[in-house]
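Here's the structure we're looking at; comments come further down.
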Amino acid sequence: MMKVLVVGGGGREHALVWKLKQSPRVSKIYCAPGNAGIAGDAECVPCAAEDLEGLLEFARSRQIDLTVVGPEAPLVAGIRDLFEASGMRLFGPTARGALLEGSKVFAKQLMVKCGVPTASFEVFEDPQAALAHVRRIGGPCVIKADGLAAGKGVIVAKDTSEAEQAVRLIGEEKAFGKAGEKIIVEECLVGEEVSVLAFTDGRTVLPMVASQDHKRVFDGDQGPNTGGMGAYSPPPVYTSEIHHRVCREILEPIIGGLAGEGIKYQGVLYAGLMITSKGPYVLEFNCRFGDPEAQAVIPRLKTDLVDVMEAVLEGRLAGFTLDWDPRPAACVVLASGGYPGSYEKGKEISGLKDVPEDVLVFHAATALSGGRLVTSGGRVLGVTGFGRTIREAVQRAYEGVAKISFEGMHYRRDIAHHALERERSR
Ligand code: AMP
Ligand code: GLY
């Protein structure tokens with residue numbers, strides 16, 4: 001029997017804990033730092049996800065058999081390397097592997113080297129040169145800070161003036177600090193976005209079912225970007241033909257390219273794709289499960305997650321297969337009033353006990369305060385429903401949502417709209 005530690009405290013980590021708990025091989029689950037909902041499924045440990053030494057000390061003292069990392073920051077900071085040096089097993093890539101997410105310049109250059117389709121781009125260290133470039137190219141383009149910027153370092157500019165503003169924000173006002181020391185200016189791609197998460201042991205790539213995130217805060221993909229307001233799986237735009245191209249043209253070459261750099265990438269590789277008229281293009285790579293994609297994908301996985309993770313760490317993915325629930329799943333994120341801008345915390349959450357049993361509620365930012373369950377962040381809960389069709393899955397999720405309330409609660413009412421529009425136009 002195994003003792004498992006999950007690092008992180010959001011909806012993705014709740015989904016991981018929920019799934020790991022179902023493994024007959026797991027006797028005890030800890031989560032650092034976790035949240036009030038995760039506390040129902042795991043023992044929460046008051047240690048921040050960024051406190052690498054603290055996590056190692058905890059894992060050693062409790063003789064943890066497997067540590068699973070949710071967020072990118074500890075991976076980019078080298079938590080795999082640290083644990084490995086102490087002989088501790090940890091699921092996730094090394095710091096060099098995590099550069100795929102930690103440095104967009106590294107990721108773009110590797111894609112070019114491996115012939116992986118991605119938007120054409122230029123890299124600048126001098127903001128003045130970047131400004132001159134956006135003036136020269138004119139029209140829409142995308143401006144990105146090189147490093148980690150909590151999902152805010154990407155600005156899609158519809159014209160030269162917005163592009164100039166974005167370059168100034170990153171290069172002159174240093175809105176993202178050191179993460180903005182290099183600026184990428186790239187071609188604006190048009191199409192539908194899809195998230196493909198894959199397990200990989202550094203040689204073999206084993207993709208999970210695809211999903212689609214909803215990054216903008218309001219219905220119809222309006223308003224500012226968020227961490228993700230909902231997800232569903234599978235997206236109809238992701239046909240089996242596209243899937244084969246993604247494996248052949250993107251996932252396999254990039255893992256091969258990393259291996260060529262001496263990087264054995266083990267963990268989850270997340271490819272954020274744009275499905276264009278010319279086929280799939282990479283928008284970004286992440287070195288972990290997506291949030292909220294995990295809340296729609298993991299519940300569909302029937303295979304024991306511990307078995308897969310072990311196969312990854314032991315380089316045994318070749319020949320391993322994943323078993324999936326054929327039913328689509330949809331996750332609706334309930335957010336605090338004002339999110340993704342400023343918002344208040346500490347609002348009492350009610351109605352969870354009335355949510356139908358087959359609807360899953362993953363906690364993203366909840367806390368206990370004087371015995372009451374309250375909000376403690378921007379994205380508060382993720383409500384996942386299943387159905388025979390995407391439409392049914394979405395309906396079921398919203399039936400769960402209808403039972404829940406807290407002051408200021410808002411959510412998108414059009415999760416899976418791309419899929420449902422396709423259905424209508426058929
Ligand atoms: P990223 O963090 O690189 O995925 O960027 C965040 C979001 O910006 C993506 O999910 C897309 O919606 C958008 N985006 C990034 N790069 C491009 C691009 N080259 N063309 C169009 N949209 C983009
Ligand atoms: N949902 C986007 C991400 O996890 O990066």
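Order of listing sets the numbers, starting from 1, for every ligand and every atom in it.
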Below the 3.5 angstrom mark, is there an N/O of Glu284, backbone or side chain, next to an N/O of ligand 1?
yes
How far is atom 18 (C) of ligand 1 from its nearest protein heavy atom, and which residue and atom name does that atom have?
Val142 CG2, 3.5 Å
Mark the output for Arg12 as yes if a heavy-atom distance to ligand 2 is under 4.0 Å, and as no if none is.
no
Any idea which protein heavy atom is nearest atom 10 (O) of ligand 1, and the distance to it?
Glu193 OE1, 2.7 Å
If the threshold is 4.0 Å, N to carboxylate O, is there a salt bridge linking Arg412 and Asp221?
yes
For Tyr411, is the NZ or CZ atom of Arg413 found under 6.0 angstrom from the centre of its six-membered ring and inside 45 degrees of the ring axis?
yes
Glu164 with Arg168: basic N within carboxylate O range, under 4.0 Å
yes
Do the ring planes of Phe289 and Phe199 sit parallel (below 30°), tilted (30 to 60°) or perpendicular (above 60°)?
perpendicular
So which bit of Phe289 gets within less than 4.0 Å of ligand 2, heavy atoms only: side chain, backbone, both or neither?
neither
Give the atoms of ligand 1, by number and element, whose distance to some non-hydrogen atom of Glu186 is under 4.0 Å.
16 (N), 17 (C), 18 (C), 19 (N)
For Arg288, the atoms of ligand 2 under 4.0 Å from one of its heavy atoms are 3 (C), 4 (O), 5 (O)
Worked check of side chain to side chain contact (heavy atoms under 4.5 Å, CB included) between Leu82 and Glu53:
CA-CA 8 Å; Leu82 183 74; Glu53 294 290 345; 3.8 Å; yes
Taking atom types as modelled and ignoring hydrogens, do the side chains of Gln212 and Glu293 form a donor-acceptor contact shorter than 3.5 angstrom?
no
Quick one: which of Glu187, Met274, Met111 gives a side chain to side chain contact (heavy atoms under 4.5 Å, CB included) with Thr118?
Met111
Gly227 near ligand 2, heavy-atom distance under 4.0 Å?
yes
Pick one of side chain, backbone, both or neither for how Glu293 approaches ligand 2, counting any non-hydrogen atom pair under 4.0 Å.
side chain
Give the numbers and elements of all ligand 1 atoms closer than 4.0 Å to a heavy atom of Glu187.
18 (C), 19 (N), 20 (N)
Which is it for Arg379 and Asp291 under the salt bridge (Lys or Arg N to Asp or Glu O under 4.0 Å) test, yes or no, and what are the steps along the way?
CA-CA 10 Å; Arg379 290 189 293 170; Asp291 186 340; 3.7 Å; yes
Could you give the distance from CG (Leu75) to CG (Leu52), rounded to the nearest 0.5 Å?
9.0 Å
Would you mind listing which atoms of ligand 2 come within a distance below 4.0 Å of any non-hydrogen atom of Asp213?
1 (N), 2 (C)
Salt-bridged, Arg89 to Glu314, with N to O below 4.0 Å?
yes
Could you point out which residue of Leu206, Thr204, Asp201 forms a side chain to side chain contact (heavy atoms under 4.5 Å, CB included) with Phe320?
Leu206
Less than 4.5 Å apart, side chain to side chain, heavy atoms only: is that true for Val7 and Thr67?
yes
Check if Gly272 has a non-hydrogen atom at a distance under 4.0 Å from any atom of ligand 1.
no
Is ligand 1 under 4.0 Å from a heavy atom in the side chain of Leu283, in the backbone, in both, or in neither?
both
Nearest protein heavy atom with distance in Å, relative to atom 8 (O) of ligand 1:
Val154 CG1, 3.4 Å
Could you tell me which atoms of ligand 1, counted from 1 in the order shown, lie closer than 4.0 angstrom to a heavy atom of Ala119?
19 (N)
Out of all atoms in ligand 2, which are within 4.0 Å of some heavy atom of Asn286? Include the element for each.
5 (O)
Of the listed options Val156, Ile184, Leu189, Ile155, closest to atom 21 (C) of ligand 1 (non-hydrogen atoms)
Leu189
Numbering the atoms of ligand 1 from 1, which are under 4.0 Å from a heavy atom of Lys215?
10 (O)
How does Lys104 reach ligand 1, if at all, at less than 4.0 Å between non-hydrogen atoms: by side chain, backbone, both, or neither?
side chain
The atoms of ligand 1 lying under 4.0 Å from a heavy atom of Cys188, numbered in the order shown, are 20 (N), 21 (C)
Where ligand 2 meets Gly290 - atom numbers and elements under 4.0 angstrom, heavy-atom basis:
4 (O)
Residues Asp41 and Lys21 bridged, charged N to O under 4.0 Å
yes
Does Arg327 make a cation-pi contact with Phe386 (under 6.0 Å, within 45 degrees of the axis)?
yes
Quick check: Lys215 and ligand 2, any N/O pair under 3.5 Å apart?
no
Salt-bridge contact Glu193-Lys215 (side-chain N to carboxylate O under 4.0 Å):
yes
Check each heavy atom of Glu193 against ligand 2 and say whether those closer than 4.0 Å belong to the side chain, the backbone, both or neither.
neither
Could you establish whether Ala231 and ligand 2 come within less than 4.0 Å of each other, counting only heavy atoms on the residue side?
no
Which atoms of ligand 1 sit under 4.0 Å from any heavy atom of Lys144?
3 (O), 15 (C), 16 (N)
